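Bear in mind that the values here come from a model prediction, so they are computed numbers and not experimental data.
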Amino acid sequence: MAIDVLRVGYTRLFEVRILHHYWLDEAATPFDAIADDAARSRRLQGYDVRRLVSVRPSAATAATIAGLRGVFRTTTLGVLVAVPDDAAVPLDTTFEMFVTVVAPDYAGYTSLSLRPQPIVDVPDPTDDDVVHRYKANVPVLSNLTGATRGTGAATRLFLSQEYVSGVAAADGVEALVIANNTLRQLTGDPPGSPVHVLGPRTGHPVYVHQGDIPPITPPAGAVGAPTHGIELTPDMPPGVAAVIRLAPRRTDRAIFSFANADGTPRTPPRVFEVHLQNRWTTWRYRDRTSGSVTATEAQPLPLTHHGNAGTKRKPSPTSVTVERGGSPLRITRLVSDIYR
(Lines give C-alpha, C1' and ligand atoms only; values in the text may rest on other atoms or scores of the structure.)
Protein backbone atom coordinates (compact mmCIF):
# COMPACT_ATOMS: atom_id res chain seq x y z
CA MET A 1 0.00 0.00 0.00
CA ALA A 2 1.40 3.37 -1.02
CA ILE A 3 1.63 6.02 1.68
CA ASP A 4 1.60 9.69 0.76
CA VAL A 5 4.06 11.72 2.82
CA LEU A 6 3.44 15.43 3.23
CA ARG A 7 6.72 17.29 3.15
CA VAL A 8 6.83 20.89 4.32
CA GLY A 9 9.87 22.98 3.47
CA TYR A 10 10.83 25.86 5.75
CA THR A 11 12.60 29.10 5.01
CA ARG A 12 13.95 31.80 7.29
CA LEU A 13 11.60 34.76 7.52
CA PHE A 14 14.18 36.91 9.33
CA GLU A 15 17.12 36.68 11.72
CA VAL A 16 18.21 39.09 14.46
CA ARG A 17 21.84 38.97 15.57
CA ILE A 18 22.67 40.54 18.93
CA LEU A 19 26.39 41.22 19.08
CA HIS A 20 28.13 42.50 22.23
CA HIS A 21 31.47 44.14 21.57
CA TYR A 22 32.96 43.37 24.97
CA TRP A 23 33.12 39.75 23.77
CA LEU A 24 33.98 40.51 20.13
CA ASP A 25 36.41 43.43 19.94
CA GLU A 26 40.17 42.90 19.95
CA ALA A 27 41.35 45.44 22.54
CA ALA A 28 40.90 48.89 20.95
CA THR A 29 40.09 47.42 17.51
CA PRO A 30 36.31 47.13 16.96
CA PHE A 31 35.14 43.73 15.76
CA ASP A 32 33.96 45.32 12.51
CA ALA A 33 37.44 46.70 11.83
CA ILE A 34 39.31 43.39 12.29
CA ALA A 35 40.80 42.90 8.82
CA ASP A 36 41.19 39.11 8.97
CA ASP A 37 37.91 37.45 7.90
CA ALA A 38 39.00 34.14 9.41
CA ALA A 39 39.72 35.85 12.74
CA ARG A 40 36.24 37.40 12.77
CA SER A 41 34.67 34.02 11.99
CA ARG A 42 36.57 32.36 14.85
CA ARG A 43 35.47 35.10 17.22
CA LEU A 44 31.82 34.53 16.29
CA GLN A 45 32.20 30.76 16.65
CA GLY A 46 33.18 31.23 20.28
CA TYR A 47 30.35 33.69 20.99
CA ASP A 48 27.00 32.80 22.57
CA VAL A 49 24.63 35.68 23.28
CA ARG A 50 22.36 33.37 25.29
CA ARG A 51 24.87 33.69 28.15
CA LEU A 52 24.16 37.43 28.20
CA VAL A 53 20.51 38.01 27.39
CA SER A 54 17.26 36.15 26.93
CA VAL A 55 14.91 36.93 24.03
CA ARG A 56 11.31 35.76 23.84
CA PRO A 57 8.37 36.74 21.62
CA SER A 58 5.32 38.55 22.92
CA ALA A 59 2.14 36.50 23.32
CA ALA A 60 0.67 38.01 20.16
CA THR A 61 3.84 37.30 18.17
CA ALA A 62 4.01 33.72 19.44
CA ALA A 63 0.39 33.27 18.30
CA THR A 64 1.18 34.76 14.88
CA ILE A 65 4.15 32.43 14.40
CA ALA A 66 2.07 29.42 15.48
CA GLY A 67 -0.70 30.44 13.08
CA LEU A 68 1.83 30.46 10.25
CA ARG A 69 3.07 27.00 11.36
CA GLY A 70 6.40 28.74 11.91
CA VAL A 71 9.12 28.33 14.52
CA PHE A 72 10.95 30.77 16.79
CA ARG A 73 14.49 29.71 17.68
CA THR A 74 17.26 31.21 19.78
CA THR A 75 20.78 30.80 18.42
CA THR A 76 24.31 31.60 19.56
CA LEU A 77 24.05 34.89 17.64
CA GLY A 78 20.45 35.84 18.46
CA VAL A 79 17.07 34.62 17.22
CA LEU A 80 15.45 33.53 13.98
CA VAL A 81 11.93 32.90 12.75
CA ALA A 82 11.29 30.33 10.02
CA VAL A 83 7.99 29.65 8.23
CA PRO A 84 6.78 27.14 5.62
CA ASP A 85 7.79 27.95 2.08
CA ASP A 86 4.16 28.61 1.14
CA ALA A 87 3.37 30.85 4.13
CA ALA A 88 1.95 34.35 3.65
CA VAL A 89 2.69 36.74 6.49
CA PRO A 90 -0.11 39.19 7.41
CA LEU A 91 1.35 42.55 6.37
CA ASP A 92 -0.39 44.42 9.21
CA THR A 93 1.23 42.33 11.95
CA THR A 94 4.18 43.29 14.16
CA PHE A 95 6.73 40.79 15.40
CA GLU A 96 7.61 41.92 18.92
CA MET A 97 10.32 40.42 21.13
CA PHE A 98 11.45 41.22 24.67
CA VAL A 99 15.11 41.25 25.69
CA THR A 100 16.08 40.66 29.33
CA VAL A 101 19.56 40.46 30.86
CA VAL A 102 20.74 37.15 32.34
CA ALA A 103 24.52 37.73 32.81
CA PRO A 104 25.16 38.91 36.40
CA ASP A 105 28.11 41.12 35.37
CA TYR A 106 26.44 42.56 32.24
CA ALA A 107 26.11 46.11 33.62
CA GLY A 108 29.81 46.30 34.41
CA TYR A 109 31.01 46.16 30.79
CA THR A 110 27.99 47.40 28.83
CA SER A 111 27.67 51.01 27.70
CA LEU A 112 24.50 52.91 28.71
CA SER A 113 23.75 50.49 31.55
CA LEU A 114 24.20 53.35 34.06
CA ARG A 115 20.88 54.81 32.97
CA PRO A 116 18.28 53.74 35.56
CA GLN A 117 15.20 51.89 34.33
CA PRO A 118 12.64 52.38 37.11
CA ILE A 119 9.04 51.29 36.68
CA VAL A 120 6.59 54.12 37.40
CA ASP A 121 2.83 53.75 37.88
CA VAL A 122 0.90 56.78 36.58
CA PRO A 123 -2.87 57.02 37.21
CA ASP A 124 -4.92 58.02 34.18
CA PRO A 125 -6.56 61.36 35.01
CA THR A 126 -9.58 60.51 32.84
CA ASP A 127 -10.28 57.03 34.23
CA ASP A 128 -9.88 56.05 37.89
CA ASP A 129 -9.67 52.36 36.94
CA VAL A 130 -6.66 52.76 34.64
CA VAL A 131 -3.03 52.97 35.76
CA HIS A 132 -0.31 53.29 33.13
CA ARG A 133 2.95 51.46 33.89
CA TYR A 134 6.02 53.01 32.33
CA LYS A 135 9.62 51.81 32.37
CA ALA A 136 12.25 54.46 31.83
CA ASN A 137 15.17 54.31 29.39
CA VAL A 138 14.20 51.13 27.56
CA PRO A 139 15.30 51.24 23.89
CA VAL A 140 12.96 50.13 21.12
CA LEU A 141 14.78 48.62 18.13
CA SER A 142 12.91 48.39 14.84
CA ASN A 143 13.39 47.79 11.13
CA LEU A 144 11.03 50.74 10.54
CA THR A 145 13.62 53.18 11.92
CA GLY A 146 16.88 51.26 11.56
CA ALA A 147 19.99 52.46 9.74
CA THR A 148 22.29 50.87 7.16
CA ARG A 149 26.01 50.64 6.49
CA GLY A 150 27.59 49.56 3.22
CA THR A 151 26.13 49.34 -0.27
CA GLY A 152 24.75 46.74 -2.64
CA ALA A 153 25.06 43.12 -1.56
CA ALA A 154 27.28 44.25 1.34
CA THR A 155 24.57 46.41 2.91
CA ARG A 156 24.10 45.69 6.62
CA LEU A 157 20.79 46.30 8.36
CA PHE A 158 20.90 47.71 11.90
CA LEU A 159 17.85 47.99 14.11
CA SER A 160 19.29 51.05 15.84
CA GLN A 161 18.48 54.46 14.43
CA GLU A 162 21.07 56.66 12.77
CA TYR A 163 23.13 58.78 15.15
CA VAL A 164 22.33 62.45 15.57
CA SER A 165 25.05 64.99 14.80
CA GLY A 166 26.21 67.05 17.75
CA VAL A 167 25.52 66.79 21.47
CA ALA A 168 21.96 67.43 22.67
CA ALA A 169 21.17 68.99 26.03
CA ALA A 170 19.64 65.74 27.29
CA ASP A 171 22.62 63.57 26.33
CA GLY A 172 24.42 62.12 29.35
CA VAL A 173 27.46 59.97 29.98
CA GLU A 174 28.04 57.27 27.32
CA ALA A 175 25.79 58.97 24.77
CA LEU A 176 26.97 58.47 21.17
CA VAL A 177 27.08 61.26 18.58
CA ILE A 178 28.55 62.03 15.17
CA ALA A 179 30.81 65.01 14.49
CA ASN A 180 33.06 65.53 11.46
CA ASN A 181 32.15 62.02 10.29
CA THR A 182 33.64 60.48 13.43
CA LEU A 183 31.85 58.53 16.15
CA ARG A 184 32.23 60.13 19.56
CA GLN A 185 31.12 59.21 23.06
CA LEU A 186 30.44 61.38 26.07
CA THR A 187 32.57 60.30 29.03
CA GLY A 188 30.71 62.50 31.52
CA ASP A 189 27.41 64.30 32.05
CA PRO A 190 26.54 67.80 30.82
CA PRO A 191 27.16 70.65 31.13
CA GLY A 192 30.59 70.62 29.58
CA SER A 193 30.59 66.88 28.91
CA PRO A 194 34.04 65.52 28.01
CA VAL A 195 33.94 63.69 24.67
CA HIS A 196 36.12 60.80 23.51
CA VAL A 197 36.62 60.11 19.80
CA LEU A 198 36.04 56.43 19.02
CA GLY A 199 37.14 56.77 15.40
CA PRO A 200 35.73 57.06 11.86
CA ARG A 201 32.05 56.13 11.74
CA THR A 202 32.79 53.71 8.89
CA GLY A 203 34.89 51.57 11.25
CA HIS A 204 31.99 51.00 13.62
CA PRO A 205 28.52 49.50 13.40
CA VAL A 206 25.45 51.40 14.58
CA TYR A 207 25.48 50.65 18.29
CA VAL A 208 22.41 50.81 20.51
CA HIS A 209 22.41 54.42 21.70
CA GLN A 210 20.35 57.07 23.45
CA GLY A 211 18.41 57.87 20.27
CA ASP A 212 16.81 54.41 20.37
CA ILE A 213 14.93 55.26 23.58
CA PRO A 214 11.56 56.70 22.49
CA PRO A 215 9.85 59.65 24.21
CA ILE A 216 6.89 58.79 26.42
CA THR A 217 3.61 60.62 25.77
CA PRO A 218 1.34 60.08 28.79
CA PRO A 219 -2.35 61.05 28.77
CA ALA A 220 -3.02 64.77 29.08
CA GLY A 221 -2.91 65.81 32.70
CA ALA A 222 -1.02 62.70 33.89
CA VAL A 223 1.77 63.38 36.37
CA GLY A 224 5.03 61.55 37.08
CA ALA A 225 5.73 59.70 33.83
CA PRO A 226 9.38 59.32 32.73
CA THR A 227 10.39 61.42 29.76
CA HIS A 228 11.74 58.47 27.73
CA GLY A 229 11.08 54.74 27.72
CA ILE A 230 8.12 52.46 27.10
CA GLU A 231 4.68 51.69 28.48
CA LEU A 232 4.63 48.13 29.81
CA THR A 233 2.01 45.77 28.41
CA PRO A 234 0.58 42.88 30.45
CA ASP A 235 2.86 40.24 28.91
CA MET A 236 6.09 42.26 29.08
CA PRO A 237 8.48 40.96 31.74
CA PRO A 238 9.22 43.66 34.36
CA GLY A 239 12.93 43.10 33.73
CA VAL A 240 12.68 43.96 30.03
CA ALA A 241 15.86 45.77 28.98
CA ALA A 242 15.00 46.33 25.30
CA VAL A 243 12.13 45.74 22.89
CA ILE A 244 12.55 44.56 19.28
CA ARG A 245 9.68 45.36 16.90
CA LEU A 246 9.74 44.21 13.29
CA ALA A 247 7.20 44.95 10.56
CA PRO A 248 7.00 42.81 7.40
CA ARG A 249 7.20 45.84 5.10
CA ARG A 250 8.93 49.22 5.24
CA THR A 251 7.67 51.66 2.64
CA ASP A 252 10.51 54.20 2.64
CA ARG A 253 13.40 51.71 2.60
CA ALA A 254 12.40 48.42 1.00
CA ILE A 255 15.69 46.75 1.91
CA PHE A 256 14.37 46.47 5.51
CA SER A 257 11.26 44.54 4.37
CA PHE A 258 11.36 40.79 5.04
CA ALA A 259 8.11 39.97 3.22
CA ASN A 260 7.01 40.57 -0.36
CA ALA A 261 3.83 42.47 -1.22
CA ASP A 262 1.89 39.17 -1.09
CA GLY A 263 3.31 38.28 2.33
CA THR A 264 5.73 35.60 1.12
CA PRO A 265 9.27 35.64 2.59
CA ARG A 266 11.85 37.64 0.68
CA THR A 267 14.92 35.97 -0.76
CA PRO A 268 17.55 36.14 0.54
CA PRO A 269 16.12 36.38 4.06
CA ARG A 270 16.79 39.58 5.97
CA VAL A 271 19.44 39.54 8.70
CA PHE A 272 19.10 42.40 11.19
CA GLU A 273 21.85 43.41 13.60
CA VAL A 274 21.80 44.80 17.14
CA HIS A 275 25.20 45.93 18.46
CA LEU A 276 25.86 46.52 22.16
CA GLN A 277 28.86 48.69 22.85
CA ASN A 278 31.45 47.81 25.47
CA ARG A 279 32.20 50.35 28.18
CA TRP A 280 35.15 52.78 27.97
CA THR A 281 36.72 53.87 31.27
CA THR A 282 39.75 55.71 32.63
CA TRP A 283 42.20 53.08 33.86
CA ARG A 284 43.75 54.01 37.20
CA TYR A 285 46.51 51.94 38.83
CA ARG A 286 46.80 51.61 42.61
CA ASP A 287 49.37 50.09 44.93
CA ARG A 288 47.98 46.81 46.20
CA THR A 289 49.25 47.44 49.75
CA SER A 290 48.59 51.14 50.34
CA GLY A 291 45.83 51.77 47.81
CA SER A 292 47.60 54.93 46.61
CA VAL A 293 47.35 55.88 42.94
CA THR A 294 50.56 55.10 41.04
CA ALA A 295 49.48 55.90 37.45
CA THR A 296 46.44 56.93 35.42
CA GLU A 297 45.93 56.47 31.69
CA ALA A 298 45.55 59.79 29.86
CA GLN A 299 42.52 58.70 27.79
CA PRO A 300 39.61 56.30 28.36
CA LEU A 301 40.26 52.74 27.19
CA PRO A 302 37.81 49.98 26.25
CA LEU A 303 36.90 47.02 28.43
CA THR A 304 37.22 43.86 26.31
CA HIS A 305 37.48 40.13 26.90
CA HIS A 306 40.07 39.74 24.14
CA GLY A 307 43.30 41.72 24.08
CA ASN A 308 44.50 44.63 26.17
CA ALA A 309 44.05 48.23 25.07
CA GLY A 310 46.59 49.52 27.61
CA THR A 311 50.28 48.97 28.20
CA LYS A 312 49.79 47.47 31.68
CA ARG A 313 47.44 44.92 33.19
CA LYS A 314 43.82 45.50 32.16
CA PRO A 315 41.02 45.90 34.72
CA SER A 316 38.23 43.56 35.70
CA PRO A 317 34.94 44.48 33.98
CA THR A 318 33.28 44.68 37.41
CA SER A 319 35.73 47.26 38.85
CA VAL A 320 34.06 50.39 37.44
CA THR A 321 33.76 53.39 39.76
CA VAL A 322 31.44 56.30 38.96
CA GLU A 323 32.99 59.65 39.90
CA ARG A 324 30.73 62.64 40.50
CA GLY A 325 31.43 66.29 41.06
CA GLY A 326 30.67 69.85 40.00
CA SER A 327 27.60 71.97 40.52
CA PRO A 328 25.09 70.75 39.65
CA LEU A 329 26.36 67.34 40.77
CA ARG A 330 26.99 65.13 37.73
CA ILE A 331 29.05 62.18 36.53
CA THR A 332 32.50 63.47 35.61
CA ARG A 333 34.11 60.19 34.51
CA LEU A 334 34.04 56.39 34.79
CA VAL A 335 37.15 54.85 36.35
CA SER A 336 38.48 51.29 36.47
CA ASP A 337 40.88 50.68 39.37
CA ILE A 338 43.65 48.12 38.87
CA TYR A 339 45.58 47.03 41.96
CA ARG A 340 49.13 45.80 41.44
- Among Arg17, Arg149, Arg156, side-chain hydrogen bond (donor to acceptor under 3.5 Å, both in side chains) partner for Glu273: Arg156
- Check for a donor-acceptor pair, side chain of Arg270 on one end and backbone N or O of Ser257 on the other, with a separation under 3.5 Å. yes
- Modelled atom types, side-chain donor and acceptor of His275 and Gln277, under 3.5 Å: no
- Message: Just checking Asp262: does its CG atom have more than 12 heavy atoms from other residues, nucleotides or ligands closer to it than 6.0 angstrom?
- Response: yes
- Any side-chain donor paired with an acceptor under 3.5 Å for Ser58 and Thr61? yes
- Query: Which pairs pass side-chain hydrogen bond (donor to acceptor under 3.5 Å, both in side chains) with one or both residues in residues 219-240, sequence neighbours excluded?
  - Reply: His132-Glu231, Thr233-Asp235
- Message: Minimum heavy-atom separation for Leu301 and Gly310, please, with both atom names.
- Response: CD1-CA, 3.8 Å
- Query: Step by step, would you call Tyr47 with Thr76 a side-chain contact (heavy atoms from CB on, under 4.5 Å)?
  - Reply: CA-CA 7 Å; Tyr47 177 78; Thr76 59; 5.8 Å; no
- What is the minimum heavy-atom distance between Ala27 and Pro302, and which atoms define it? O-CG, 3.7 Å
- Give the minimum heavy-atom separation between Ala241 and Pro139, together with the two atoms involved. O-CD, 3.2 Å
- side-chain contact (heavy atoms from CB on, under 4.5 Å) between Val122 and Tyr134, worked out: CA-CA 8 Å; Val122 177; Tyr134 299 106; 3.7 Å; yes
- Message: Ignoring hydrogens, what is the shortest heavy-atom contact between Val89 and Pro248? Give both atom names and the distance.
- Response: CG1-CG, 3.9 Å
- Item | Asp25 side chain to Tyr22 backbone, donor-acceptor under 3.5 Å | no
- Message: Strictly by salt bridge (charged side-chain N to carboxylate O under 4.0 Å, His left out), give each pair with a member in residues 95-116 just once, sequence neighbours left out.
- Response: Glu96-Arg245
- Message: Before you tell me yes or no, could you show the steps for Arg43 and Glu26 under salt bridge (Lys or Arg N to Asp or Glu O under 4.0 Å), namely the whole-Å CA-CA distance, both residues' side-chain angles and the distance that decides it to 0.1 Å?
- Response: CA-CA 10 Å; Arg43 190 62 50 86; Glu26 180 63 36; 2.8 Å; yes
- Message: If you take the centroid of each ring, where Trp contributes its six-membered ring, are Tyr207 and His21 closer together than 6.0 Å?
- Response: yes
- Query: For Ile230, what are the other residues in its hydrophobic cluster, where any two members join if their side-chain heavy atoms are less than 4.5 angstrom apart?
  - Reply: Phe98, Ile119, Val138, Val140, Leu232, Met236, Val240, Val243
- Given the options Gln210, Gln185, Arg279, Glu174 meets side-chain hydrogen bond (donor to acceptor under 3.5 Å, both in side chains) only with Arg279
- Message: Looking only at the aromatic ring of each residue, does the gap between the centers of His20 and Tyr109 stay below 6.0 angstrom?
- Response: yes
- Message: Taking the ring of Phe95 and the ring of Phe258, is the distance between their centroids below 6.0 Å?
- Response: yes
- Quick one: OG1 on Thr11 to CG on Asp86, what's the gap to the nearest 0.5 Å? 11.5 Å
- Task: Show your reasoning for whether side-chain contact (heavy atoms from CB on, under 4.5 Å) applies to Leu157 and Val271.
- Result: CA-CA 7 Å; Leu157 308 176; Val271 177; over 6 Å; no
- Do Ser160 and Asp212 get their side chains close enough for a donor-acceptor pair, meaning under 3.5 Å? yes
- Sequence neighbours excluded, the answer for salt bridge (charged side-chain N to carboxylate O under 4.0 Å, His left out) partners of Arg249 is none
- Is it true that a side-chain atom of Lys135 and a backbone atom of Pro118 form a donor plus acceptor pair closer than 3.5 Å? no
- Item | Note: Arg330-Glu323 ion pair, threshold 4.0 Å (strictly below) | no
- Of the options Arg288, Arg286, Arg313, Lys314, which is the one that meets Asp337 in a salt bridge (Lys or Arg N to Asp or Glu O under 4.0 Å)? Arg286
- Value for CD1 (Ile244) from CG (Leu246), rounded to nearest 0.5 Å, stands at 7.0 Å
- Apart from Val195 itself, what residues make up its hydrophobic cluster when side-chain heavy atoms of I, L, V, M, F, W and Y under 4.5 Å apart count as a link, directly or indirectly? Val167, Val177, Leu186
- Note on the structure: Sorted by chain and residue number, the side-chain hydrogen bond (donor to acceptor under 3.5 Å, both in side chains) partners of Thr148 (sequence neighbours excluded) come out as Arg253
- Task: Report the distance from atom CG of Leu13 to atom CZ of Arg266, rounding to the nearest 0.5 Å.
- Result: 11.5 Å
- Distance, nearest 0.5 Å, that separates OG of Ser316 from OH of Tyr339: 12.0 Å
- Inter-residue atom distance Ser111.OG - Asn278.CG, 0.5 Å rounding: 8.0 Å
- Message: Could you measure the distance from the OH atom of Tyr106 to the CG atom of Leu52? Nearest 0.5 Å is fine.
- Response: 7.5 Å
- Within 45° of the six-membered ring axis of Phe256 and under 6.0 Å from that ring's centre, is NZ or CZ of Arg250 located there? yes
- Query: Between the main-chain N or O of Ala107 and the side-chain N or O of Ser113, is there a donor-acceptor pair closer than 3.5 Å?
  - Reply: yes
- Indicate, with yes or no, if Leu112 and Leu19 share a hydrophobic cluster defined by side-chain heavy-atom contacts under 4.5 Å among Ile, Leu, Val, Met, Phe, Trp and Tyr. no
- Please assess Thr75 against Arg73 for the test side-chain hydrogen bond (donor to acceptor under 3.5 Å, both in side chains), listing each intermediate value before the final yes or no. CA-CA 6 Å; Thr75 71; Arg73 291 287 184 269; over 6 Å; no
- Is any side-chain heavy atom of Leu77 closer than 4.5 Å to a side-chain heavy atom of Val49? no
- Message: Testing the basics here: between Arg56 and Pro237, what is the closest heavy-atom pair and its distance to 0.1 Å?
- Response: NH2-CD, 3.4 Å
- Query: Of Arg333, Gln299, His196, which is the lone residue that meets side-chain contact (heavy atoms from CB on, under 4.5 Å) with Thr187?
  - Reply: His196
- Query: Please walk me through it: do Trp283 and Val335 pass side-chain contact (heavy atoms from CB on, under 4.5 Å)?
  - Reply: CA-CA 6 Å; Trp283 294 11; Val335 177; over 6 Å; no
- Item | Salt-bridge criterion met for Arg42 and Asp37 (N-O under 4.0 Å) | no
- Message: Ignoring hydrogens, what is the shortest heavy-atom contact between Thr294 and Asp287? Give both atom names and the distance.
- Response: CG2-N, 3.9 Å
- Query: Under 3.5 Å, is there a donor-acceptor pair between the side chain of Asp189 and the main chain of Gly172?
  - Reply: no
